[in-house]
Amino acid sequence: MFVLVEMVDTVRIPPWNFQRQLNEAIAEELNKKLANKVVFNVGLCICLYDITKLDDSYIFPGDGASHTIVHFRYVVFHPFLDEILLGKIKYCSQEGVHVTMGFFDDILIPPESLQQPAKFDEAEQVWLWEYETDEGAHDLYMDQGEDIRFRVTDEMFVDTSPTGPSAAETPVIPGQPVAPPAEEVEKKEAPYTLIGTICDPGLGLLSWWNS
Amino acid sequence: MEVKNANAAMLSNYEVFKLLTDLKEKRKDTVKNKNSAGQQNLNTIMYETLKYLSKTPCSRQNPEIVKEFLTTMKPHKLTKAEKLQLLNQRPQTAVEIQLMVEESEERLSEEQIEELIHTLADVLPGDPEQENAAPADAEMEEAVQPS
């Protein structure tokens, strides 16, 4: 579930933090920069593991702060392919079942990866498994808040760094009202998404498999 | 910022749990500006991750247990990823083991799977609530028996 990632960065310590121990000031700056943030193609950063090397600190003209090149290791949440994870169902939608682990929310189990045959109940907005036994068909509901075990099948990283001002800008004529651009929709894309499956025996709600 | 090695090492849940609990203790005493805007992200991720991990078997482990676990797992010839999953999840049924161990039908016989379940139950501490429920049921059955 968690991996150690070796990184290098230049850390800026402002002058009012000079009285602190360098290691602690640097640890605080690194955590401020990376904790709870997703690094592209790496994963969700949790916290600093240790600092492996500190190069010399420099002060540049015009800026009173010290700059230090730091080699450090960070704990990152990055499950490997086919890893089995435990989560809770956040909610169900047409796109599938959304699962959360508390610290990480963007986990989706698409409809084709649910235990088949599966049906979406529009009235209750919940997916269910039509489980057939000799006695007849049981409808097993995937309710909100239920513990669910799933396997990681895919991950998607989206680079959400800002792209800069858009190229097509209508010239502003003073005195005339400016029409707002047609696409005001701000689609907040999750920088890191996990796709899971519960199609194998043993996967799905824990209550389905506990005798 | 440069990423030198995106996969330097795999960490068990226990290692992350211990790191976060130690960090929490240290911050409680020394750090004064815990609730400043900049520290909120660290606070949030630490709180949520600890909340998640405290409900998993790793919260009851310690370094000796992990070492003992690895020595008992040696004869089974499992990959690092499989041993890590067994350590993190502590499966109690054959179905769960088949999920975590690839091609388990070919590599492990039924007795070996049973043996693996018993070894895990012995070496890794389990959920005390779950284990208290079982003997309580047995006691109830004995009490109900007509004298």
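Chain letters run A, B, ... following the sequence lines, proteins first and then strands; every chain starts at 1.
Here the side chain of B/Q89 pairs a donor or acceptor atom with the backbone of A/I84 at under 3.5 angstrom. Under a 3.5 Å cut-off, the side chain of A/Y49 and the backbone N or O of B/V16 do not form any donor-acceptor pair.
Atom NZ of B/K24 sits about 13.0 Å away from atom SG of A/C47, to the nearest 0.5 Å. The distance from the CZ atom of A/F2 to the OG1 atom of B/T49 is 5.5 Å, given to the nearest 0.5 Å. Of the inter-residue distances, the one linking A/R73 atom CZ with B/N5 atom CG reads 10.5 Å to the nearest 0.5 angstrom. Annotation: the span from A/N36 atom CG to B/T44 atom OG1 amounts to 5.5 Å, rounded to 0.5 Å. With rounding to the nearest 0.5 Å, the separation of CG in A/D82 from CD in B/E102 is 6.5 Å. In this structure, SG in B/C58 is found 8.0 Å from CE in A/M1, a value given to the nearest 0.5 Å.
Taking 4.5 Å as the limit, some side-chain heavy atom of B/Q39 sits within range of a side-chain heavy atom of A/K32. Residues A/F80 and B/M10 have side chains in contact (heavy-atom distance under 4.5 Å, counting atoms from C-beta outward).
Other residues, nucleotides and ligands contribute only 12 or fewer heavy atoms inside 6.0 Å of the OH atom of A/Y131. For A/Y58, the OH atom is loosely surrounded, since the number of other residues' heavy atoms within 6.0 Å does not exceed 12. Crowding of B/E110 atom CD: a count of heavy atoms from other residues, nucleotides or ligands under 6.0 Å not exceeding 12. In this structure, A/Q21 places its CD atom where only 12 or fewer heavy-atom neighbours from other residues, nucleotides or ligands lie under 6.0 Å away. The environment of B/K18 atom NZ is sparse: at most 12 non-hydrogen atoms of other residues, nucleotides or ligands sit within 6.0 angstrom. For A/Q125, the CD atom counts as densely surrounded, since its 6.0 Å shell holds more than 12 non-hydrogen atoms of other residues, nucleotides or ligands.
Heavy-atom minimum distance, A/A35 versus B/I45: CB-CG2, 4.2 Å.
At a 4.5 Å heavy-atom cutoff, B/L50 makes no contact with chain A through either its backbone or its side chain. Residue B/L99 touches chain A through both its backbone and its side chain, counting heavy-atom pairs closer than 4.5 Å. With a 4.5 angstrom heavy-atom cutoff, A/L203 touches chain B via backbone and side-chain atoms both. Of the atoms belonging to B/I97, not a single heavy atom falls under 4.5 Å from chain A. Looking at B/Q85, only its side chain comes within 4.5 Å of chain A, counting heavy atoms on both sides. Contacts between A/E24 and chain B at a heavy-atom distance below 4.5 Å are absent for every atom of the residue.
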inquiry  = As a quick check of understanding, evaluate side chain to side chain contact (heavy atoms under 4.5 Å, CB included) for A/M7 and B/M1, giving each step before the final call.
reply    = CA-CA 7 Å; A/M7 302 194 231; B/M1 192 179 76; 3.9 Å; yes
task = In sequence, state the C-alpha distance, the side-chain angles, and the governing distance for B/E96 and A/W209, and then conclude on side chain to side chain contact (heavy atoms under 4.5 Å, CB included).
result = CA-CA 10 Å; B/E96 291 170 58; A/W209 303 99; over 6 Å; no
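Of the listed residues (B/Q40, B/E15, B/E48), the greatest number of heavy-atom pairs within a distance under 4.5 Å of chain A belongs to B/E48. Here A/R149 is the residue among A/R149, A/R151, A/K33, A/K37 with the most heavy-atom pairs under 4.5 Å with chain B. Ranked by heavy-atom pairs under 4.5 Å with chain A, the list B/T56, B/L11, B/N7, B/L19 is led by B/L11. Considering only heavy-atom pairs separated by less than 4.5 Å from chain B, the leading option among A/N41, A/V39, A/L48, A/V75 is A/V75. Taking A/L85, A/V42, A/L86, A/D200 one by one and counting their heavy-atom pairs under 4.5 Å with chain B, the maximum is reached by A/L86.
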